[in-house]
Amino acid sequence: MPPKPMPNTLVIVESPAKARTIEKYLGKGYTVESSIGHIRDLPKSAAEIPERYKSESWARLGLNVDDDFKALYVVSPEKKGHVAKLKKLAQEADELILATDDDREGESIAWHLLQELKPKVPVRRMVFHEITKEAIQAAIASPRDIDTNLVEAQEARRALDRLYGYEVSPVLWRKVAPKLSAGRVQSVATRLLVDREWERMRFVSGSWWDIEAQILTADGAAFPARLSELEGKRLALGRDFDPATGKLKAGSDVTMLNEAQARELALKLTPAALTVASAEEKPFTQKPYPPFITSTLQQEGSRKLGFGAQRTMRAAQKLYEGGYITYMRTDSPNLSAEAMNAARTQVKSMYGDSYLSPQPRIYAAKSKNAQEAHEAIRPAGNSFRTPDSLKNELDSDGWRLYDLIWKRTVASQMADARGRRMQVRLSGKASDGRAVLFNASGRAIDFPGFLRAYVEGSDDPNAALEDREVILPPLTQGQAVTGKTMTPGGHETQPPARYTEASLVQSLESQGIGRPSTYASIIGTIQDRGYAAKKGSALIPTWTAFATSALLEHHFGKLVDYDFTARMEEDLDDIAGGRQQRVPYLRAFYSGEGGGMGIHPLIEAQMPAIDARAVATIEVPKLIGSGIEVRVGRYGPYLSMGDVKANIPAEMAPDELTLEKALELMSRPSGDHPLGDDPETGLPVIAKAGRFGPYVQLGDTNPPTRTASLFPTDDLNDLTLERALKLLTLPRLVGTSEGEEVWALNGKFGPYLKRGSDSRSITAHEQLFTVTIPEAEEAFRQPRFRGRGAAVAGPLKVFEYADRAAIQLKSGRFGPYLTDGTRNATLRKGEEGAELTLEDARSILEERGKEPQKKPGKAKAAAKKPATKAKGTTSSRSKATKKPAVRAEAGGMAIHAPLKKTVKAPAKKAAPRKTAAKPVAKAPAKTALAWADLKSHLGVLSEQERALVVATREQGRKVEEVAPGLGLDVKKAKGMALQASKKLNQAARAE
DNA sequence: CAGTGAGCGAGCTTCCGCTTGACTT
């Protein structure tokens, strides 16, 4: 008889390293695998949205806001393979144990596994709090069911974060800049940085003087003391100053010395006979710090090792995977029984009994939303390996971090440190009879206790200095001492320090914002979005962060409230506890039912109210009244005073922008960056931000000798002279072909080649420097536009149908696409135009074909042939508006190619908007509306642009006549009017 | 906030949390 096959139980945990460990303890009959975190999530971008949901109004959000916030979960492409593997293992198993973490997210992962694997075998849920054989076997013996309330709470959290992020971010795209983001965590983190920077910007430093004395006792012992009172009145300290004025706070009853007074007094005190007025000594004890959790590990990694959060976590991850430490993403400082035992044993053996805390020290999480699914971060195992024994086994980062973790863990079970604090007051008189009082304080450690192993770092070097041990000689009341030297010293109040990675994490954590697994990435996110930059260890918010934060605070204040997450956690706890329901909770948040926040209607209401220009303008306290404004623009932050603009250098922190600096920047208007001189001509080379983007110019004459636009890959802020000179070699004469010169140029539509009156775009900017005549000739042999030249003759391919209009395959700017004249569909990756069948083409177009959007001011009708009446319509309109330049531009933008492409329509003809094409009657109404529409977007324009547009469009004045009043020459003004019109149309179209 | 020449299906960006490789230099 064949032996009965051994039963096979599949256990799924979250982390592969944990799976390996557990598998060892469970032995035969068990297969342990990991989910590697979450296996499914809401689609994160359009590419992940399944085809059949794409047309849904809520598809962009990934959850159906009209149907109880039902989530659309997808397995991301990179997880597909792994999920398939788990599915297969589940099918082969006799039993499935879901052993994901014992917290909200872990419960959810278990539920998703159940949903996705659809196991046909018995399923049990269990949790391990310790990875020891006993604990695991105990857990196996006491399974439970999936806690659906906890899963609901997780789904509520997930939905809320999605709704917040994906509803609010688009507001920023519209009002500040594209690709920005808002989120429950990042927006508060950004706000913290911005608020701190505001404090620094408003801060006015105060200064005061005091005297430091070297005191000598009769026995010759010396110690320092500081003047603290004069004539019975306390001397001012930093805390007596008002940070807003730099002066003493109102009502403070203190004496302040200036330099002269301090020096004079010092002279009158040398030498001074002083008496000990009081000498106090108080014992103190200090307890060790709790074992590490993620946030404290990151803080100490930063303070003591100088590691960024990412670096600390990378090193910790390796230690964890190597089995050196326990799990590194935790919010619990708790030590398991085996860890406690190991730590205490080690203290005894390494430091002796007297250094052991008499009672085991038990630590609890401080943060109110701690989930405590794991124990503290500590050396792994039931006896800790000493750092010394690992010296040759670990890399440098790993060893230093292990050393830190080991010390902190061991110290946490050590005895209190004991010592004395001494406080001495010395009285005396200056030679002019004024009464003085000096203070000295000291600190002596009598028994170091845990300090033998571990001293916590400090973010503030001054604080660390003050804390150092200063030992005072024994002193008794009435004892006479001498003030040997008197050194007057000046002091200044300091603004609050900027956040570092570590202190930001600490602050977020203390407010319950973010989770251990995300602390490090939060910092990455706000840097990636351009909200903050690191300078040394300081996190400095950018001007974009100021603009974004201001928008959110003014219009969505509740969302960036520091308590928002704390309140959310309470609600989630209620959902987890069955006291509240997910759907009504989300409805309140999203739609505002039952008096909730209702972000959806709130955004609808706020959108028109948000003045993009006001948001982009930052009122810097030190510039108020100067007429200089800080604005965030397309090319970065700049200063503006009427006509004059100057870029703010990227490396300048907001609090460094003083009036003086601002004036200095303004003296180099338009943010010129002088790069040096051209060695050939000796002319200066200057980088500038222009109306058409950043460019360099040769010579400082007007007009300059030469100009050249930067390539998209160039950065105005770190352009070298060498690069600028290279750019200035353009346009480049490539050679001759067919008797004509061939030039390589960088134009407004990008790089192109020109031969006589013919031109061809080329793909890469850098080719401008390298393209050869044979290559150019090849380009000129190609049709003028990619696929376009062919398009005149016909599309790439035509699919004919009996029952529907023919479908054409065309090549466009965004790649190949299908069109039947009314609807278009871009081909996706993997869909080869050449391989499409009739039916493919039909199904693609019918499934996802879209009608081109009709936009105000850009009529769809324009796509068809111009009606003959167009000209009449336009010219009459042109008379009405009297604004040639702007009108021509607007018309030109809307026009599609006339059939005769070689003939360029003169501006006057270009003006006829083909809007007139379809229903002619509609055109005037549309254009009339257009100005009304445009008008509401005046906010996107600069003052000058606005003045121009209003004068021309509303008052019907000519550019020529308005320009002088604005201090512009006519040519510039026309250009500006053109740009302004573009901007307005763009803004209106975005609506 | 400087000038060099076309013309045409836009569509996507974004959140927070849970986890690691698979790639390349």
Side-chain angles (χ1 to χ4, degrees), chain A residues 14-17 34-39 41-42 44-47 60-62 78-79 82 100-101 103-106 108-109 154 157-158 160-170 172-173 178-187 317 321 329 514-518 521-522 525 529 635 638 643-645 647 669-671 688-695 697 702-704 707-709 730-731 743 745-749 752 754 757-761 784-785 788 810 812-814 817-819 823-826 849-853 863 892 895-898 901 904 942 971-972 975-976 979:
Chain A
E14 287 182 36
S15 145
S34 63
S35 70
I36 324 183
H38 274 293
I39 58 157
D41 193 8
L42 304 176
K44 70 171 166 295
S45 68
R60 189 182 61 82
L61 296 170
E78 61 267 30
K79 277 280 169 71
H82 188 68
T100 49
D101 293 350
D103 59 15
R104 202 160 60 209
E105 300 295 329
S108 169
I109 292 173
Q154 191 277 345
R157 197 280 305 156
R158 182 68 191 89
L160 182 141
D161 282 331
R162 169 53 65 92
L163 293 170
Y164 183 144
Y166 278 35
E167 288 285 14
V168 181
S169 298
L172 300 179
W173 305 342
K179 298 195 176 178
L180 293 180
S181 61
R184 173 173 58 82
V185 172
Q186 62 169 287
S187 293
Q317 175 88 26
E321 284 170 7
R329 290 187 276 263
R515 302 279 311 135
S517 63
T518 60
S521 61
I522 292 165
T525 300
R529 299 280 166 273
Y635 305 113
Y638 63 98
D643 191 16
V644 192
K645 326 256 187 223
N647 285 341
S670 67
K688 295 178 143 191
R691 225 167 354 121
F692 312 114
Y695 68 104
Q697 74 174 41
N702 189 17
T707 63
S709 281
L730 299 175
W743 288 85
L745 312 94
N746 186 19
K748 62 176 166 177
F749 307 118
Y752 70 105
K754 190 178 165 114
S757 59
D758 204 2
S759 69
R760 289 289 183 283
S761 282
R784 189 175 175 84
F785 312 116
R788 258 297 117 181
K810 291 187 168 185
R813 277 177 299 165
F814 312 115
Y817 69 101
L818 295 171
T819 178
R823 305 175 72 199
N824 307 309
T826 303
K850 275 190 187 148
E851 281 189 48
Q853 276 182 29
I895 281 180
H896 285 224
K901 67 179 185 221
K904 270 165 275 159
S942 73
K971 203 171 133 204
K972 263 190 196 172
M976 187 179 285
Q979 287 300 311

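Residue numbers start from 1 in every chain, and the chains themselves are labelled A, B, ... in the order their sequence lines are given, proteins ahead of strands. As a basis for the values below, the full set of heavy atoms in this structure was taken, side chains included, without hydrogen atoms, waters or symmetry mates.
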Touch class at under 4.0 angstrom, heavy-atom based, for [X] against every strand present:
X: A:Leu180; answer: sugar-phosphate
X: A:Thr100; answer: nothing
X: A:Asp41; answer: base
X: A:Gln154; answer: nothing
X: A:Gly37; answer: base
X: A:Ala17; answer: nothing
X: A:Pro170; answer: base
X: A:Gln317; answer: sugar-phosphate
X: A:Ser517; answer: base
X: A:Lys44; answer: base
X: A:Ser181; answer: sugar-phosphate
X: A:Gly514; answer: sugar-phosphate

Please state how far atom [atom1] in [X] lies from atom [atom2] in [N], giving the value in whole angstrom units.
X: A:Leu163; N: B:dC15; atom1: CG; atom2: C1'; value: 10 Å
X: A:Ile39; N: B:dC18; atom1: CD1; atom2: C1'; value: 11 Å
X: A:Glu321; N: B:dG21; atom1: CD; atom2: C1'; value: 9 Å
X: A:Tyr752; N: B:dG7; atom1: OH; atom2: C1'; value: 15 Å
X: A:Lys79; N: B:dG17; atom1: NZ; atom2: P; value: 16 Å
X: A:Arg329; N: B:dT20; atom1: CZ; atom2: C1'; value: 9 Å
X: A:Tyr164; N: B:dC16; atom1: OH; atom2: C1'; value: 12 Å
X: A:Ile36; N: B:dA22; atom1: CD1; atom2: P; value: 10 Å

Salt bridge A:Arg158-A:Asp41, side-chain N to carboxylate O under 4.0 Å: yes
With a 4.0 Å cut-off on N to O distance, would you call A:Arg60 and A:Glu167 a salt bridge? yes
Could you give me the stems involving DNA chain B, meaning stretches of three or more consecutive Watson-Crick or G-U wobble pairs whose two defining distances are both below 3.5 Å? none
Which nucleotide in B:dT4, B:dC16, B:dG5 has an atom nearest any side-chain atom of A:Leu745: B:dT4
Does A:Arg162 contact B:dC16 through a side-chain donor or acceptor facing the base, at a distance under 3.5 Å? no
Is there a donor and acceptor pair closer than 3.5 Å between the side chain of A:Arg157 and the base of B:dC16? yes
Residue whose closest nucleotide on DNA chain B lies nearer the 5' end, A:Ser45 versus A:Ile522: A:Ser45
Checking A:Asp758 against A:Lys754 for the salt bridge (Lys or Arg N to Asp or Glu O under 4.0 Å) test, could you report, in this order, the C-alpha distance in whole Å, the side-chain angles of both residues, the deciding distance, and whether it holds? CA-CA 6 Å; A:Asp758 204 2; A:Lys754 190 178 165 114; over 6 Å; no
